[in-house]
K.L.:
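Sharing a structure here in structure tokens format.
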There are 2 protein chains.
Amino acid sequence: MPLKNTGTEQLIKDTARRLLFAEGKLHATTQEIADAAGVNRTGLHYYFRSRDQLIAAIFDEAMQELSQRLNDCMMADQPFKAKTKHIIRVFLRHMVAFPYQETFLVTEINTLGKKLIANIKSDPVKAYLHEAAAEMEKGHIQKMDPVHFLMNLFSLLSYPLIMAPLYKKLFQVSAKEFNALIAEREGIIMGMLFKK
Amino acid sequence: MPLKNTGTEQLIKDTARRLLFAEGKLHATTQEIADAAGVNRTGLHYYFRSRDQLIAAIFDEAMQELSQRLNDCMMADQPFKAKTKHIIRVFLRHMVAFPYQETFLVTEINTLGKKLIANIKSDPVKAYLHEAAAEMEKGHIQKMDPVHFLMNLFSLLSYPLIMAPLYKKLFQVSAKEFNALIAEREGIIMGMLFKK
DNA sequence: TTTTTGTTAGACAAAAATGTCTAAATAAAA
DNA sequence: TTTTATTTAGACATTTTTGTCTAACAAAAA
């Protein structure tokens with residue numbers, strides 16, 4: 001609600017987003033958020049009144065963004081394969097930056113996410129699913145319920161990044177090596193989804 | 001530490017596991033756990049002394065189990081394809097029951113999971129990766145770093161179940177319909193991983 | 001029956017986290 | 001310079017959660 005825009009409000013939101021969505025600290029306290037942002041905890045209340053409202057704000061914006069990204073990608077005027085490649089690139093980049101966002105959304109969906117239904121438009125998704133079905137008819141991709149195709153796409157995109165800390169240990173690879181693996185994912189995923 | 005085994009200790013652990021891993025209530029309080037188990041909160045301290053130790057106990061057991069399941073599946077004396085199908089079946093069943101377990105492990109890995117490295121044996125995984133590489137040579141599956149193959153497998157298995165609450169809304173399907181989709185996953189995943 | 005063990009109940013202390021208030025300091029705008 | 005908005009500092013109340021202690025109770029074991 002402040003009149004001047006000094007960037008502090010945004011700074012707090014960005015910091016909270018970073019802690020929650022990038023670092024996976026799902027129960028960061030107001031103190032931790034304020035400290036990480038380098039502001040006084042009082043300032044956090046000055047801008048957001050309560051922790052809940054801060055969380056709600058970034059939750060909403062995250063949903064908004066996600067919905068936007070989904071729409072932009074899926075409504076793009078491109079052939080299906082190029083469009084899919086673009087989805088992979090866009091969402092992979094986002095997952096690298098904020099691997100825990102979806103996890104957060106899902107585990108907090110019960111307490112925060114009732115309005116979620118309203119926010120996400122399902123039309124672009126439906127249109128994309130329709131295109132996928134057409135591609136199956138043409139024999140470019142395996143025949144299946146298009147919903148499976150989409151779940152496969154998002155699974156292959158997202159899960160390795162969510163599991164990164166575990167995988168580094170399980171596969172005994174360094175952070176550098178793991179990044180190299182992730183950089184290969186675009187090609188791998190395309191290879192999984194489309195027939196040669 | 002109790003002498004008689006009345007099952008209460010196990011009941012508390014099972015309940016905590018259910019709340020955390022099945023229902024996704026990642027910050028369930030001692031009171032909530034006690035209530036859900038139908039025991040007095042004091043009893044929780046009687047058996048585990050502190051919340052942290054209760055969490056640590058189920059965390060450890062979960063890691064233990066996961067490691068065991070992984071080993072059993074991957075060391076099984078079976079041809080690669082059958083073995084993989086078995087992995088899918090076993091892990092899918094587990095994901096249906098406890099979709100948030102891996103999420104929990106990953107987000108708590110920083111605070112609890114140092115000993116994780118010790119617990120998980122990477123030999124069986126390495127052996128499986130080796131078999132996968134051999135299958136690629138034979139042309140049964142696409143050529144790629146076997147680590148990608150394994151990440152693909154687990155991604156396709158796990159992610160849809162983690163995202164279930166979101167997907168039900170995004171795809172506008174009922175719980176029943178979603179279950180039907182999940183029941184189809186085994187075939188879908190096999191189709192994705194192996195060449196026809 | 002007596003004893004031990006498990007379990008509950010309630011009161012309470014301690015800690016952690018949130019939220020409120022006031023006063024002062026800072027900095028930009030008028 | 002005066003004013004206004006932003007930000008900090010500190011004290012403090014409130015709430016939530018955890019942890020401790022003691023007494024009582026129930027039930028199985030000795």
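In what follows, chains are A, B, ... by sequence order, proteins preceding strands, each numbered from 1. The basis for the numbers below is simple: all heavy atoms, side chains too, and nothing from hydrogens, waters or symmetry mates.
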K.L.:
Expressed as a whole number of angstroms, how long is the span from A:Leu54:CG to C:dG19:P?
P.N.:
10 Å

K.L.:
Rounded to whole Å, please give me the gap between CG in A:Asp52 and P in C:dT18.
P.N.:
9 Å

K.L.:
Measure CG/A:Leu44 against P/D:dT8 and give the value in whole Å, please.
P.N.:
11 Å

K.L.:
Between A:Lys83 (side chain only) and A:Cys73 (backbone N and O only), is there a donor and an acceptor less than 3.5 Å apart?
P.N.:
no

K.L.:
For D:dT18, does OP1 or OP2 lie under 4.0 Å from any side-chain N or O of B:Thr30?
P.N.:
yes

K.L.:
Nearest whole Å is fine: how far is C:dG19 P from A:Arg49 CZ?
P.N.:
10 Å

K.L.:
Tell me if the centroids of the rings in A:Phe104 and A:Phe21 come within less than 6.0 Å of each other.
P.N.:
yes

K.L.:
Can you give the dot-bracket line for DNA chain C, using ( ) for pairs inside the strand, [ ] for pairs that cross earlier ones, | for pairs with another strand and . for unpaired bases, where Watson-Crick and G-U count if both distances are under 3.5 Å?
P.N.:
||||||||||||||||||||||||||||||

K.L.:
How many Å lie between NE2 on A:His27 and P on D:dT17, as a whole number?
P.N.:
13 Å

K.L.:
Can you tell me if A:Gln78 and A:Lys85 form a side-chain donor-acceptor pair at under 3.5 Å?
P.N.:
no

K.L.:
Distance alone, cut at 3.5 Å: any donor-acceptor contact between the side chains of A:Ser50 and A:Asp52?
P.N.:
no

K.L.:
If only atom types and distance count, is the side chain of B:Glu135 paired as donor or acceptor with the main-chain N or O of B:Phe80 below 3.5 Å?
P.N.:
no

K.L.:
Rounded off to whole Å, could you give me the CD-to-C1' distance for the B:Glu9 and C:dT5 pair?
P.N.:
14 Å

K.L.:
Measure from the side chain of B:Arg51, starting at C-beta and using heavy atoms only, and say which of D:dG19, D:dG10, C:dG6 lies closest.
P.N.:
D:dG19

K.L.:
Please report the closest heavy-atom contact between A:Glu186 and A:Leu92, naming both atoms and the distance.
P.N.:
N-CD2, 4.0 Å

K.L.:
Identify whether any heavy atom of B:Thr42 sits under 4.0 Å from a base atom; if not, whether one sits that close to sugar-phosphate; answer base, sugar-phosphate or nothing.
P.N.:
base

K.L.:
For the pair B:Arg185 (side chain) and B:Leu157 (backbone), establish whether a donor and an acceptor sit closer than 3.5 Å, ignoring hydrogens and angles.
P.N.:
no

K.L.:
Of the nucleotides D:dT6, C:dG10, C:dG19, which has the atom closest to the A:Ser50 side chain?
P.N.:
C:dG19

K.L.:
Heavy atom of residues 31-40 of chain A under 4.0 Å from DNA chain D: which residues?
P.N.:
A:Gly38, A:Val39, A:Asn40

K.L.:
Does the pair B:Asp14/B:Arg17 count as a salt bridge with the N-to-O cut at 4.0 Å?
P.N.:
yes

K.L.:
Would you mind telling me which of D:dT18, D:dC21, C:dT18 lies closest to the side-chain atoms of B:His45?
P.N.:
D:dT18

K.L.:
When you measure only distances, ignoring hydrogens and angles, does the side chain of B:Arg41 come within 3.5 Å of the base of C:dG10 through a donor and an acceptor?
P.N.:
no

K.L.:
Is it true that A:Lys13 and A:Glu61 make a salt bridge, defined as a side-chain N closer than 4.0 Å to a carboxylate O?
P.N.:
yes

K.L.:
Give a yes or no on whether the ring-centroid distance for B:Phe154 and B:Tyr159 is below 6.0 angstrom.
P.N.:
no

K.L.:
Check whether any side-chain heavy atom of B:Val39 sits under 4.5 Å from a side-chain heavy atom of B:Leu44, and report yes or no.
P.N.:
no

K.L.:
Report the distance from atom OH of B:Tyr46 to atom P of D:dG19, rounded to the nearest whole Å.
P.N.:
18 Å

K.L.:
Any protein N or O atoms within reach of nucleotides 23-25 of chain C? Criterion: under 3.5 Å, listing atom names and distances.
P.N.:
none

K.L.:
Is there side-chain contact between B:Phe91 and B:Leu153, with heavy atoms separated by less than 4.5 Å?
P.N.:
no

